[in-house]
**Q** 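Just dropping this structure here.
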Amino acid sequence: MDTKNTNQKIVVRIPPSPTGFFHIGRARTALFNYLFAKKVGGEIVFRIEDTDKERSKKEYEEDIIKSLKWLDITYDSGPFRQSERGNVYSKYVKMMLENGTAYLSQETEGQNKEVIRFKNPNKTIIFNDLIRGDISIETKDLEDFVIARNINDPLYHLTVVVDDFEMGVTHVIRGDDGIANTPRQILIAEAIGAPRPVYAHVPLILAADKSKMSARHGAVSLRDFRSAGYLPEAMVNFLALLGFNPGGDRELYSLAELVDVFDLARVQKGGAVFNIEKLDWFNKEYMKLLSEEKRNEEIYNRLKNHGEAEKMSKKAYSIIFEHISKWGDIDTMLGAGEWNYFFERPKYEVSLLSWKNSSLENSKKHLEWIKNTLESSNKESFGSVEKIKSLIFDYATQEGRGDVLWPLRVALSGKEKSPDPFTLLYILGKQESISRIDNALKIL
Ligand code: GLU
């Protein structure tokens, strides 16, 4: 790969604007910078681009820092804040006014009577983008653009170029939307005598409908994904492979393994489509790697937020785990009342107790048999799903499995769909199961 400055230390930057919660597109760009820098033994500068005083908020800055930490994306220096570097920018604005690459301009429109404009040399700029190849742009169309409102109030393009220069940035890896900014920034860099960094513009993340990912597509900030209960390892793995293909069929990579295989040359040019099912798949794979203790702790913490659900037997946890791909699914399932039968007596219509063409009479007969069998069973036989099954299964096979097992399942869960009755018996335990069967017998 062409990294140009071979003797020089490679420096990349992570320069988010704190104007919103950390967007997954920005997170992915940060991740690509991280992977690239680690791969080549370079350094990462972390810079908060808060020149927009109205839209920049401390809350967002904190969220960005927290999000990088969550993903385990570290940096070598920073955070630097542009809002604290006014003197540095003034120095360059002065220099540009002195060397004639900028001038004071009297304005008839807009809020300011006087602004500082860049003296556009009106030329063709060709830059090589590591992902896009050669890009050629006529700067004439940009006219003499404004670089500062006054000597102490620089605008975005100037601050970026000055910072990249002062911080020794060699590689600018950023979103595709930065391409339009590049010619202005190259012109300013030339005017202040800064070397041109190597550019790599990463394709945007697209929603399933191929439009730009935005809030109307649901979760877009890392904060949303954090609270939905995704694991950071899954997020990193998923984001890295969104537009980057290490080659081969392998999909699961830790952050360190991603560093090993990362190559900007393997980042695709076209937009990468965000697929939430794929993220869920990754997440489940990482959930499966957690210890049972950790899983149970996570499940318990989610249940705790739902009052009664806290009472759910630990024996139900493995069923819960089977049915989720992120911890937040527990909130969704509980919110929809899907698992209420695990901790409260079910309510249902009596008609639900009969299987297809079978009669309620039959259901009653079978439930009575089961009740007697369970009552006379010893503690041992409730020790596992298999043991419970062996109490009932032969009878069910003889009498018709649907005829016997359907009413049993309904008596226990009150639902058309739920785990099999043996699993339910095991989770609910002997006493509770018998009293639920009793309830069914009462209404039959
Ligand atoms: N502050 C800019 C953003 O968050 C960074 C653009 C750049 O990388 O130059 O979009």
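Both ligands and their constituent atoms are indexed starting at 1 by order of listing.
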**Q** Could you check whether Thr332 and Asp329, counting side-chain N and O atoms only, form a donor-acceptor pair closer than 3.5 Å?
**A** no
**Q** Going by heavy atoms, is Pro16 under 4.0 Å from ligand 1?
**A** yes
**Q** Which one of Arg26, Arg47, His201 has a non-hydrogen atom at the shortest distance from atom 10 (O) of ligand 1?
**A** Arg26
**Q** Please list, in number order, the atoms of ligand 1 under 4.0 Å from a heavy atom of Arg174.
**A**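 Result: 7 (C), 8 (O), 9 (O).
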**Q** Report yes if Pro15 has an N/O atom closer than 3.5 Å to an N/O atom of ligand 1; otherwise report no.
**A**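 Yes, Pro15 has an N/O under 3.5 Å of an N/O on ligand 1.
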**Q** Locate the shortest heavy-atom distance separating Ser418 from Ser413; write the atom from each residue and the value.
**A** OG-OG, 3.2 Å
**Q** Under a plain distance cut-off of 3.5 Å, with no hydrogens placed, do Asn120 and Asp144 share a side-chain donor-acceptor pair?
**A**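 The answer is no; no qualifying pair exists.
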**Q** Can any side-chain N or O of Ser56 pair as donor or acceptor with the backbone N or O of Lys53 at less than 3.5 Å?
**A** no
**Q** Considering only protein heavy atoms, which is closest to atom 8 (O) of ligand 1, and at what distance to one decimal place?
**A**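 Protein heavy atom at minimum distance: Arg13 NH1, 2.8 Å.
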**Q** In Å and rounded to the nearest 0.5 Å, what is the CD to CD distance from Glu432 to Glu344?
**A** 10.5 Å
**Q** What atoms in ligand 1 come closer than 4.0 Å to a heavy atom of Glu49?
**A** 1 (N), 2 (C), 5 (C)
**Q** When you compare the side chains of Glu310 and Tyr300, does any donor N or O come within less than 3.5 Å of an acceptor on the partner?
**A**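 A donor-acceptor contact under 3.5 Å links the two side chains.
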**Q** Does ligand 1 have any atom sitting under 4.0 Å from a heavy atom of Gln185?
**A**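 No, that is not the case, since the closest heavy atom of the residue is not under 4.0 Å from the ligand.
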**Q** For ligand 1, which atoms sit closer than 4.0 Å to a heavy atom of Tyr156?
**A**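 Those of ligand 1 that fall under 4.0 Å from Tyr156 are 1 (N), 2 (C), 5 (C), 6 (C), 7 (C), 9 (O).
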